[in-house]
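To start, the structure itself, in structure tokens.
Computed from a predicted structure; not experimentally measured. Whatever order the structure lists them in is the order used to number ligands and atoms, beginning at 1.
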Amino acid sequence: MSTTSLVVLGIESSCDETAAAVLVDGVVRSNVIASQEVHRAWGGVVPELASRAHQENIVPVVAQALEQAGIGKEVIDVVAFTQGPGLIGALLVGTCFARSLAQSLGKPMVAVDHLKAHVLAHFIRDEEVRAVPAFPFINLTVSGGHTQLILVRSPLDMQLLGSTLDDAAGEAFDKGAKILGLPYPGGPLVDQHARTGDPRKYALPEPVVPGLDLSFSGMKTAFANLVQKGIRTDPDFIARELPHLCASLQQQLVDALLRKLSKAARTNGIKRIGISGGVSANSALRSQATAMAEREGWELYLPPFSYCTDNAAMIAMAGHYLHLAQQHASLSTMPVARW
Ligand code: KG4
Ligand code: ZN
């Protein structure tokens, strides 16, 4: 390791993934994720179980990240951890671990906003050569817990343009999947079943929300009513119509997201667009955003899937920028469930 390299250890524990990553000068050396399978049986994340699983996983996950990076903990320059938003008990595990480690190493630490880290996923580098967005750009962050349109002026200067007023996009996918009896998290399954379905077979109400905010709860209720009505006349309705139901739900969600993304680009006069967060793995969103980019003349940036869903490489990337800006956290920093 050169003495001028910046070695960042990132730690993520905001929801149901315990993750640790090592970045050297912004380049990934390791990116370890332990996903918590325990929630599957409950149809959603159970906070108490998440905290317990983080406690069990954090030490081995960090050890594995250091081992895969081929470094000892003494060469870490800064410890970055997710301060929030997220489940308070889950965040507490990562925060306490990061604090103890930074203190024992005598190194600084930085407190990362998980949502800003999702945006900074665009800047993570690895062996694959990828273009990164120049500033300013507009990012659509679509995850299980959040849906935001953000004007990104620099790595640390972001302005919220709009966000969901109720459910997040991933939550809408997951709740729709639950209505169809699919296991949690249902987003990827909806995507899979939708591939052979007709996306215009079932119409759902288009959310009417002013400005650049979004709303998905009305769509979810309409979808639940549609499915219940179908079952009343045909008990095999879901089994028979599954691909069409998935494709229709997915299409309405993608339409709503892309409509607002396009509006954000137009009103801000910006044609550099990023999409990140777990839902950016959705195949319809990816292909339709790519088609829209061609029509509108956008430069479109979609990070690789492993940096889109919750991961610690993005936390380390945010930590890299915060450290360079000398924005360190005190050892008494506490997690924050909501900003
Ligand atoms: O970013 P993420 O890993 O975690 C949060 O910060 O919330 O996002 C997880 C969300 C889940 O709701 C999951 O169902 C959704 O992303 N997701 C998808 C797909 N892959 C993951 N939704 C639709 N289609 C997908 N292919
Ligand atoms: Zn996330």
Side-chain angles (χ1 to χ4, degrees), residues 10-19 21 31 33-36 39-40 43-45 47 50 81-87 90-91 94 112-122 124 139-148 150 163-164 167-180 182-195 197 199 216 219-220 245-258 274-289 302-315 317-318 337-339:
I11 294 168
E12 155 64 26
S13 73
S14 65
C15 191
D16 58 344
E17 250 97 31
T18 317
N31 188 23
I33 301 178
S35 296
Q36 303 177 358
H39 307 289
R40 195 169 271 270
V45 178
F81 67 97
T82 304
Q83 186 185 15
L87 303 170
L91 290 165
V112 173
D113 176 341
H114 181 91
L115 292 168
K116 289 186 175 161
H118 267 302
V119 177
L120 295 172
H122 291 290
I124 300 169
N139 200 71
L140 171 66
T141 309
V142 269
S143 75
H146 305 276
T147 299
Q148 295 187 328
I150 300 159
S163 63
T164 181
D167 293 345
E171 209 177 345
F173 268 103
D174 296 340
K175 286 181 175 172
K178 198 172 180 179
I179 291 166
L180 297 173
L182 299 171
Y184 176 86
L189 296 168
V190 170
D191 188 352
Q192 217 173 301
H193 290 293
R195 284 174 200 193
F216 296 111
M219 211 187 275
K220 178 198 64 195
L245 289 166
C246 287
S248 300
L249 173 70
Q250 175 173 274
Q251 191 56 52
Q252 302 283 343
L253 290 168
V254 169
D255 279 349
L257 290 169
L258 291 183
I275 306 181
S276 61
V279 181
S280 65
N282 182 263
S283 59
L285 180 61
R286 285 181 102 88
S287 64
Q288 290 175 41
L302 289 157
F305 184 57
S306 54
Y307 306 142
C308 278
T309 49
D310 283 351
N311 67 89
M314 69 181 193
I315 304 302
M317 193 71 244
R338 286 163 185 264
W339 298 136

Identify, for [atom], the protein heavy atom at the shortest distance, and state residue, atom and that distance.
atom                    : answer
atom 3 (O) of ligand 1  : Asp310 N, 3.0 Å
atom 12 (O) of ligand 1 : Asp174 OD2, 2.7 Å
atom 19 (C) of ligand 1 : Pro188 N, 3.8 Å
atom 24 (N) of ligand 1 : Asn282 ND2, 3.0 Å
atom 26 (N) of ligand 1 : Asp191 OD2, 2.9 Å
atom 10 (C) of ligand 1 : Gly144 N, 3.5 Å
atom 15 (C) of ligand 1 : Val279 CG2, 3.9 Å
atom 21 (C) of ligand 1 : Gly278 O, 3.4 Å

Self-check item: Closest to atom 23 (C) of ligand 1 among Pro185, Gly277, Gly187 (heavy-atom distance)
Solution: Gly187
If we only consider heavy atoms of [X], is any one of them less than 4.0 Å away from an atom in ligand 1?
X      : result
Cys308 : yes
Gln250 : no
Cys15  : no
Gln192 : no

Atom indices of ligand 1, in the order listed, that fall short of 4.0 Å to a heavy atom of [X]:
X      : answer
His114 : 6 (O)
Gly145 : 7 (O)
Gly170 : 12 (O)
Thr309 : 1 (O), 3 (O)
Ala281 : 20 (N), 26 (N)
His118 : 1 (O), 6 (O)

Quiz prompt | Nitrogen or oxygen atoms of Val142 and ligand 1 under 3.5 Å apart | solution =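 No: no nitrogen or oxygen of Val142 is under 3.5 Å from one in ligand 1.
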Roughly how far, to the nearest 0.5 Å, is the [atom2] atom of [Y] from the [atom1] atom of [X]?
X      : Y      : atom1 : atom2 : answer
Asp16  : Leu87  : CG    : CG    : 8.0 Å
Gln288 : Gln250 : CD    : CD    : 8.0 Å
Asp310 : Ile315 : CG    : CD1   : 7.5 Å
Cys246 : Gln251 : SG    : CD    : 13.0 Å
Leu249 : Ile179 : CG    : CD1   : 8.0 Å
Leu189 : Leu180 : CG    : CG    : 10.5 Å

Practice problem: Answer with yes or no whether the side chains of Glu12 and Thr82 bring together a donor and an acceptor at under 3.5 Å. | Solution: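 Glu12 and Thr82 do have a side-chain donor-acceptor pair below 3.5 Å.
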Quiz item: Between Asn139 and Ser276, is any side-chain donor less than 3.5 angstrom from a side-chain acceptor?
Solution: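 Their side chains do contain a donor-acceptor pair, which is all the 3.5 Å distance test asks for.
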Is a side-chain donor or acceptor of [X] paired with a backbone partner of [Y] at a separation under 3.5 angstrom?
X      : Y      : answer
Arg338 : Pro85  : no
Thr147 : Ala169 : yes
Ser280 : Gly277 : yes

Of all N/O/S atoms in [X], which lies nearest to the Zn ion (ligand 2)?
X      : value
Asp310 : OD1
His114 : NE2
His118 : NE2

Quiz item: Do Phe173 and Glu171 pass the side-chain contact (heavy atoms from CB on, under 4.5 Å) test, and can you show the C-alpha distance, the side-chain angles, and the key distance before you say yes or no?
Solution: CA-CA 5 Å; Phe173 268 103; Glu171 209 177 345; over 6 Å; no
Quiz item: What are the two closest heavy atoms between Ala19 and Ile33, and how far apart are they?
Solution: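 Where Ala19 meets Ile33 most closely, the heavy atoms are CB-CG1, 4.0 Å.
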Self-check item: Closest contact, heavy atoms only, Ala177 versus Gly186
Solution: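 Scanning both residues completely, I find the closest heavy atoms to be CB-CA, 3.4 Å.
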